[in-house]
Colleague: 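This is the structure I have questions about; it appears just below.
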Amino acid sequence: MKYLSILNKTQYKAVTTIDRPTMVIAGAGSGKTRVLIYRLIHLIKSGVKSRNILALTFTKKSANEMKYRLSSLIDKNELDQIYIGTFHSIFAKLLRKNSDLIGYKKNYIIYDRYDSEKIIKKIIKNLNLDKKIYRSKYLLDKISMIKNHYFNERNLYITNIYANYKKYCYQNGIMDFDDILLYTNILFNKNPEILKKYQEYFKYILIDEYQDTNYSQYRIIKLLSLKHNNIFVVGDDSQSIYSFRGANINNILNFKKDYKNAVIIRLEQNYRSTKYIVDVSNQIISLNKRKIDKKLWTNNKIGKKIKLYKAFSSFEESDFVANTIDQLKKKKKLKYSDFGVLYRTNAQSRSLEESFIKKKIPYNIYGSISFYKRKEIKDLIAYFRLIVNINDEESLIRIINYPKRGIGEVTLKKIFFLSKQNDKRIFEILKNINNYKSIINRDQKILDNISNFCNKILFFNKRLDEDAFILSKEISESFGLLEEIKKDKIKQGIDNVEEFLNSISTFVEDKKKIKNEEISLNAYLESLYLDLDLDYKFNNLTKESVSLMTIHLSKGLEFPIIFIIGLEEKIFPSILSISSQLEIEEERRLFYVALTRAKEDIFLTFSKNRYKWGKIVPTICSRFVKEIDKKYIKYIKNDLNHKKFDDTSLLGSYTNNLKEGMIVYSNSFGRGKIIKIEGQIITVYFNNIGEKKILNTKLKIIY
DNA sequence: TCAGTATGGCTTTTT
DNA sequence: GCCATACTGA
């Protein structure tokens with residue numbers, strides 16, 4: 001078969017073993033994605049109907065990537081029929097079709113973590129619990145764990161909160177991410193005939209990143225594959241980095257037990273990286289105790305040593321990254337897109353951004369502060385949600401509580417009270433507000449405002465089958481959303497809303513091309529959370545640019561040159577993982593993932609001092625750096641003479657030891673160089689602005 | 001009812 | 001240092 005000629009022997013076996021359960025243990029860079037892609041093609045060429053194939057991925061990014069790569073290799077009609085998507089996306093759609101069987105109304109909406117946290121906070125408040133002891137984030141994690149292992153609800157101390165949360169979600173027609181998987185399980189368990197239907201339908205099941213599946217996902221797959229026993233999973237235990245989300249490494253370890261006649265294929269040849277990179281990665285991962293024995297090897301050239309750079313401050317670290325990229329690009333004729341900068345936490349992207357802007361280097365930040373977390377967008381989404389589902393009180397409150405809508409705290413409190421007293425939904429009360437006139441005791445104008453508001457919502461609620469774009473545009477006009485933003489004079493806000501509406505238009509156009517695809521507002525909301533890779537839609541991503549992202553997001557990607565920044569104790573490994581051996585091992589796997597993204601060159605950086613919550617804190621170099629055998633490392637000399645600074649002078653305050661020639665940062669003027677110091681008054685030269693006299697307390701030292 | 005001010009928590013990681 | 005919330009006085 002000619003199209004398979006690009007595969008090596010083991011890859012070929014992985015692609016063509018299509019008659020029994022198959023697990024591929026695929027080391028980093030061993031051609032895992034290629035195997036998945038060609039297996040799909042092979043299935044179709046072997047006569048399997050594309051609509052009988054289910055391909056599940058872990059992130060939206062890889063789902064979209066897979067679709068993209070397939071689009072040039074197979075016929076578009078075939079592609080559109082394959083079920084490719086994340087677990088959440090695929091099963092949310094399946095659930096929507098069968099929502100009556102799990103007791104949910106069809107119009108339920110999906111809440112993300114931010115939304116869920118708000119509910120938890122509300123519950124803690126209602127139960128009169130101390131929010132310092134009952135931390136919403138922690139509780140949410142616990143609830144998530146329970147839902148994903150729902151056969152044992154045993155953590156008693158949170159069951160009350162859990163019960164309340166469950167009830168709230170149900171009453172408001174809300175599902176969170178975990179519910180999607182949970183209710184899929186419930187649906188299959190309670191309705192054998194439905195399960196049978198889908199077992200029949202999904203004859204071939206492929207799963208990417210199997211090591212990251214949790215119990216809930218494992219159960220779903222197990223149930224679905226029971227009939228045809230034809231399941232194909234790809235994974236790498238060394239790259240398991242989602243145990244905080246309940247990922248269970250045993251799913252990989254038990255595969256042979258779980259599936260009769262299973263074949264296990266190992267891909268150990270790395271095609272991506274140089275020998276140095278493969279060796280360093282092997283050395284690092286070998287320090288973990290819990291792992292499947294395997295060794296990655298490569299025939300690639302030896303390559304170069306890993307570079308290590310010690311910076312003075314986080315700002316200087318970012319400058320180093322930007323400068324190095326700038327120089328390397330010129331010297332070696334590289335493209336900006338050849339560089340990837342990886343970090344442990346999203347917050348670290350900020351100072352990078354500054355340095356890139358200064359150096360005029362184009363960059364893309366992936367998955368940072370999501371577009372739809374911006375205020376205007378959240379407002380708009382709240383309208384959409386309420387119109388789709390008038391029981392969504394969280395959204396209702398967000399909208400109605402908006403300043404200048406003429407309904408204040410007092411009135412709202414009365415309305416909440418009425419809702420509780422009469423056991424009615426808030427929207428019910430608002431709709432019939434005139435019946436409660438005597439209790440609300442407000443002038444008729446406010447009551448009329450409320451009725452008008454309800455009527456508008458209901459007006460749109462009746463038109464939910466219409467085109468999402470037309471409807472959303474009308475909604476934003478009808479409620480004067482753009483005018484509201486204009487009043488606040490936030491230009492950015494208007495742009496955001498317009499961009500957002502444009503994206504709905506694109507969504508509708510795309511869906512119209514595929515028959516039977518939903519174009520309703522509800523379908524858009526679902527896609528917004530589960531399918532759309534917002535990075536591309538909203539961040540104005542350009543192709544020729546440096547990629548900035550968390551290591552978690554980088555999984556599956558590769559770059560010729562990789563920077564891994566912030567290699568400091570308490571950051572990487574994270575302070576929250578430091579106390580447990582198991583979690584340290586997960587952090588180490590994360591480091592392994594980061595290292596194996598690189599094809600040719602790796603730069604590791606850490607900083608002696610780091611800004612944290614506005615203060616400079618001295619740091620300690622990460623243990624992971626120390627674990628690397630010195631023979632692999634090349635230290636990069638730091639041009640700056642750091643001897644004149646000592647760490648203690650910077651602790652706590654950041655202006656004590658200003659000296660002439662220092663590079664400093666001012667909130668109003670940006671970066672500048674100190675020219676003269678006269679007591680408290682500092683003269684600073686700023687690029688494009690010139691000299692300014694500034695109070696020393698207003699300045700931060702960069703280096 | 002609302003603008004202005006004080007406080008406290010926050011930085012894991014993703015669907 | 002920034003954001004969301006809670007509190008305060010007009």
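Residue numbers begin at 1 in each chain, while the letters A, B, ... track the order of the sequences.
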Colleague: Side chain of A/Ser574 only, heavy atoms from C-beta on: which candidate in B/dT14, B/dC10, B/dT12 is closest?
Modeller: B/dT12
Colleague: Starting at atom CD1 of A/Ile124, determine the distance to atom P of C/dT5, rounded to an integer number of angstrom.
Modeller: 13 Å
Colleague: Between A/Asn609 and A/Ser313, do the side chains contain a donor N or O and an acceptor N or O under 3.5 Å apart?
Modeller: no
Colleague: Kindly point out which of B/dT15, B/dT12, C/dC2 is positioned nearest to the side chain of A/Arg350?
Modeller: C/dC2
Colleague: Just jot down the salt bridge (charged side-chain N to carboxylate O under 4.0 Å, His left out) partners of A/Glu569, sequence neighbours excluded, or say none.
Modeller: A/Arg623
Colleague: Among C/dC2, B/dT15, B/dT13, which nucleotide has an atom closest to any side-chain atom of A/Arg344?
Modeller: B/dT13
Colleague: Compare the minimum distances between each of C/dA6, B/dT13, B/dT12 and the side chain of A/Leu576, then state the nucleotide with the smallest one.
Modeller: B/dT12
Colleague: Is A/Ser577 close enough to B/dT12 that one of its side-chain N or O atoms is under 4.0 Å from OP1 or OP2 there?
Modeller: no
Colleague: Over how many whole Å does the gap from A/Phe58 atom CZ to B/dT13 atom P extend?
Modeller: 16 Å
Colleague: May I ask you to say what A/Tyr529 touches in the nucleic acid, namely base, sugar-phosphate or nothing, with a heavy-atom cut-off under 4.0 Å?
Modeller: nothing
Colleague: Which whole-number value in Å describes the distance from A/Ile551 CD1 to B/dT13 C1'?
Modeller: 9 Å
Colleague: Choose from B/dG9, B/dT12, B/dT14 the nucleotide whose nearest atom is closest to any side-chain atom of A/Phe244.
Modeller: B/dT14
Colleague: Please state how far atom CG in A/Asp179 lies from atom P in B/dT15, giving the value in whole angstrom units.
Modeller: 17 Å
Colleague: Between A/Lys147 and A/Asp176, is the closest basic N to carboxylate O distance under 4.0 Å?
Modeller: yes
Colleague: Figure out the NZ/P separation between A/Lys612 and C/dC2, and round it to whole Å.
Modeller: 17 Å
Colleague: Under 4.0 Å between a side-chain N or O of A/Asn346 and OP1 or OP2 of B/dT14?
Modeller: yes
Colleague: Considering only C/dC2, B/dT12, B/dT14, which nucleotide approaches the side chain of A/Glu583 most closely?
Modeller: B/dT12
Colleague: Kindly point out which of B/dT15, B/dC10, B/dT14 is positioned nearest to the side chain of A/Arg135?
Modeller: B/dC10
Colleague: Can you measure A/Tyr114 atom OH to B/dC10 atom P for me and round it to whole angstrom units?
Modeller: 14 Å
Colleague: May I ask you to say what A/Phe572 touches in the nucleic acid, namely base, sugar-phosphate or nothing, with a heavy-atom cut-off under 4.0 Å?
Modeller: nothing
Colleague: Using whole Å, what does the distance between atom P of nucleotide B/dT15 and atom CD1 of A/Ile143 come to?
Modeller: 21 Å
Colleague: As a test of reading the structure: which of B/dT11, B/dT14, B/dG9 is closest to the side chain of A/Ala347, going by heavy atoms?
Modeller: B/dT11
Colleague: Tell me what A/Lys125 touches on the nucleic acid: a base, only sugar-phosphate, or nothing, going by heavy atoms under 4.0 Å.
Modeller: sugar-phosphate
Colleague: Charged N to carboxylate O below 4.0 Å: is that the case for A/Lys32 and A/Asp208?
Modeller: yes
Colleague: What residues form a salt bridge (charged side-chain N to carboxylate O under 4.0 Å, His left out) with A/Asp392, not counting sequence neighbours?
Modeller: none
Colleague: Quick one: which of B/dT13, B/dC10, C/dA6 gets closest to the side chain of A/Lys137?
Modeller: B/dC10
Colleague: With a cut-off of under 6.0 Å to the ring centre and 45° to the axis, is A/Arg588 in cation-pi contact with A/Phe591?
Modeller: no
Colleague: Quick one: A/Lys93 NZ to B/dT15 P, roughly how many Å, whole number?
Modeller: 14 Å
